[in-house]
Amino acid sequence: MSNQYILAIDQGTTSSRAILFDHKGHIVTIAQQEFTQYFPQPGWVEHDAEEIWESVHSVLNQAMKEAGITASQIAALGITNQRETTVVWDRHTGKPVHSAIVWQSRQTSAICDELVAQGWNDLFRSKTGLLIDAYFSGTKVKWILDHVEGAREKAERGDLLFGTIDTWLIWKLTGGQVHVTDYTNASRTLMYNIYELKWDEELLDILTVPASMLPEVRPSSGVVAKTAKGVLDAEIPIAGIAGDQQAALFGQACFEQGMAKNTYGTGCFMLMNTGEKAVPSKHGLLTTIAWGLDGKVEYALEGSIFIAGSAVQWLRDGLKMIKTAAESEALATQVDSTDGVYVVPAFVGLGTPYWDQDARGAVFGLTRGTTDAHFTRATLESLAYQTKDVLAVMEQDSEIQLKKLRVDGGATANRFLMQFQSDILGVPVEQPTVLETTALGAAYLAGLAVGYWADKNEIARHWHRDEIFVSQMDDKERKKLYNGWVQAVEATRAFKP
Ligand SMILES: Nc1ncnc2c1ncn2[C@@H]1O[C@H](COP(=O)(O)OP(=O)(O)O)[C@@H](O)[C@H]1O
Ligand SMILES: O=P(O)(O)OC[C@H](O)CO
């Protein structure tokens with residue numbers, strides 16, 4: 001097994017990565033490629049599904065080339081992906097009929113408002129564990145069928161296929177032969193019954209989505225197909241599939257009930273393992289499938305924050321305050337505090353616990369003395385405040401008080417943010433040695449399926465702590481700062497011109 005590896009595709013919101021792992025779960029090589037973000041109207045976000053595939057194909061080859069190995073040395077391929085993002089394509093030509101509508105996109109908020117006004121929210125919640133929001137795939141599929149000329153007729157004839165990004169990539173990797181997804185991705189569509197483990201006909205009728213478009217749902221760990229001849233230089237078993245946040249929960253070895261992780265990428269997602277029990281939320285958390293493995297599914301509670309690292313990208317690309325995301329740390333630490341400035345980055349509405357589709361971003365507390373350093377610091381702090389909002393409801397719904405929070409994702413490279421996170425939560429924040437936990441989770445799921453790793457116990461032994469951030473803030477200060485945030489969010493939500 002020493003010359004065998006597991007290759008994971010991590011298809012994220014802003015970049016595609018291929019990461020090669022060895023038997024100890026260590027990274028051998030990483031190849032990464034960013035791709036284009038399209039913002040056709042305010043609040044809309046789209047991707048080009050073909051460009052995503054090309055970026056994935058290219059990083060797969062690059063990762064193997066840099067490691068000096070061939071595809072025959074890959075024991076299995078694992079796929080993890082930005083969730084909910086919706087692709088609809090023609091099953092005969094393989095061509096998408098519209099751009100991929102990204103999870104962040106608000107272009108279906110009017111459809112959602114209508115469904116809520118018709119009184120459907122409780123039904124969707126009771127079957128899917130989600131709520132009616134533009135975030136999830138269901139209304140995105142409906143939007144494409146309603147807006148692309150001829151699409152509905154074609155879909156009704158059985159000529160169109162729907163897939164989240166995992167499904168699209170497997171379709172491409174298998175040369176258009178295999179149309180599948182896994183439980184975790186299905187559980188984010190608003191069309192899948194997470195209790196009965198089937199596509200729900202009643203919900204499909206309400207959304208007017210033909211069942212013939214939907215992929216077959218498979219366990220997160222298990223061989224679903226081999227890559228087609230000519231795609232890579234050998235045929236490799238595709239053996240692991242999971243949405244990126246569930247994959248990160250797995251990669252962080254949060255296998256026990258009550259264990260949680262928070263991932264700081266484009267958005268920020270906290271998931272807590274609730275075991276074989278699906279826990280309904282009273283406070284705006286989502287109930288979702290953690291993974292399907294060993295013949296059963298396990299569930300998680302999730303808090304979803306739409307804008308996290310992408311607020312830092314906005315400082316970089318939109319406001320041009322910094323040249324690189326990493327620079328945000330040096331700039332923020334030029335000042336000791338924000339001097340009362342709060343940034344609420346509700347660029348595409350607010351997720352947990354508010355679920356406010358119409359809120360938009362706001363800045364408070366500006367004075368003549370406010371500098372780019374205060375502004376940047378306030379933007380970074382907004383990631384930590386949003387996480388505190390989520391943790392508060394997570395503890396209420398799960399009735400578990402977190403003793404530590406495991407973290408990962410691109411923005412955890414920011415030490416200022418990690419320290420402030422611990423300060424504002426009053427809970428230690430732990431970083432593992434391998435920060436690419438999303439890809440690692442997908443690799444583990446694939447490796448377990450082909451016997452590369454024996455079981456979860458072996459995997460759990462791979463997790464090691466690299467760093468721990470412990471709160472240095474007193475309770476009075478914490479309460480004062482957080483109170484300012486709560487007021488800023490209230491004022492943001494009140495502004496609906
Ligand atoms: N040092 C840093 N400080 C703050 N944010 C960072 C830093 N490095 C990366 N980021 C942010 O992290 C995000 C990338 O993280 P990643 O986990 O790759 O996200 P995704 O999988 O969503 O594409 C970007 O939005 C970027 O702005
Ligand atoms: O691309 P990420 O890592 O921010 O993850 C996106 C989520 O899967 C959206 O639900």
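Whatever order the structure lists them in is the order used to number ligands and atoms, beginning at 1.
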The closest protein heavy-atom partner of atom 4 (C) of ligand 1 is N414 ND2, 3.6 Å
What residue and atom, counting heavy atoms only, is the protein's closest point to atom 7 (C) of ligand 1, and at what distance?
-> A325 CB, 3.7 Å
So which heavy atom in the protein is nearest atom 12 (O) of ligand 1, and how far is it from that ligand atom?
-> A411 N, 3.5 Å
Any donor-acceptor N or O pair under 3.5 Å, side chains T288, S187 | yes
Is it the case that Q419 and S422 place a side-chain donor and acceptor less than 3.5 Å from each other?
-> no
Contact check, R316 vs ligand 1, heavy-atom distance below 4.0 Å | no
Q32 N/O to ligand 1 N/O under 3.5 Å = no
Test item: side-chain donor near acceptor, Q107 and W143, under 3.5 Å = no
What is the closest protein heavy atom to atom 18 (O) of ligand 1, and at what distance does it sit?
-> R17 NH2, 3.1 Å
Ligand 2 contacted by G267 (non-hydrogen, < 4.0 Å) | yes
Give yes or no for whether the N/O distance cutoff of 3.5 Å, strictly under, is met between T266 and ligand 2.
-> yes
Can you find a side-chain donor-acceptor pair between R188 and Y135 that sits under 3.5 Å?
-> yes
Does one side chain, of D166 or T181, offer a donor that lies under 3.5 Å from an acceptor on the other?
-> yes
Distance under 6.0 Å and angle within 45° of the ring axis: does R83 meet both against F269?
-> yes
Enumerate the atoms of ligand 2 whose separation from the nearest heavy atom of Y135 is less than 4.0 angstrom.
-> 9 (C), 10 (O)
Find out whether L301 and S281 are in side-chain contact, i.e. whether some heavy atom of one side chain is under 4.5 Å from a heavy atom of the other.
-> yes
Results of salt bridge (charged side-chain N to carboxylate O under 4.0 Å, His left out) for E436 - residues two or more places apart only | R17
For ligand 2, does D244 get within less than 4.0 Å through its side chain, its backbone, both, or neither, judged by non-hydrogen atoms?
-> side chain
Protein heavy-atom partner closest to atom 27 (O) of ligand 1 - residue, atom, separation in Å = G309 O, 2.9 Å
For atom 16 (P) of ligand 1, which candidate among A326, G410, A330 provides the closest heavy atom?
-> G410
Which atoms of ligand 1 have any heavy atom of S310 under 4.0 Å away?
-> 25 (O)
Can you pull out the closest protein heavy atom to atom 10 (O) of ligand 2? Residue, atom name and distance to 0.1 Å, please.
-> E84 OE1, 2.6 Å
Ionic contact status for K456 with E298, cut-off 4.0 Å = yes
May I ask you to check if ligand 1 and L380 share an N or O to N or O distance below 3.5 Å?
-> no
If you draw the axis of the six-membered ring of Y482, does the NZ or CZ of K388 fall within 45° of it and under 6.0 Å from the ring centre?
-> yes
For ligand 1, which atoms sit closer than 4.0 Å to a heavy atom of T14?
-> 23 (O)
Could you tell me whether the side chains of D389 and T352 share a donor-acceptor contact shorter than 3.5 Å?
-> no
Polar contact flag, side-chain donor to acceptor under 3.5 angstrom, Q245-E302 | no
Is there a heavy atom of Q313 sitting under 4.0 angstrom from any atom of ligand 1?
-> yes
Identify, for atom 1 (O) of ligand 2, the protein heavy atom at the shortest distance, and state residue, atom and that distance.
-> T13 OG1, 2.4 Å
For ligand 2, which part of R188 has a heavy atom less than 4.0 Å away: the side chain, the backbone, both, or neither?
-> neither
Looking only at distances, please establish whether an N/O atom of ligand 1 is found under 3.5 Å from an N/O atom of T266.
-> yes
Which atoms of ligand 1 are found less than 4.0 Å from any heavy atom of S328?
-> 3 (N), 4 (C)
Option from D408, N273, T263 for which side chain to side chain donor-acceptor pair (under 3.5 Å) with Q252 holds | D408
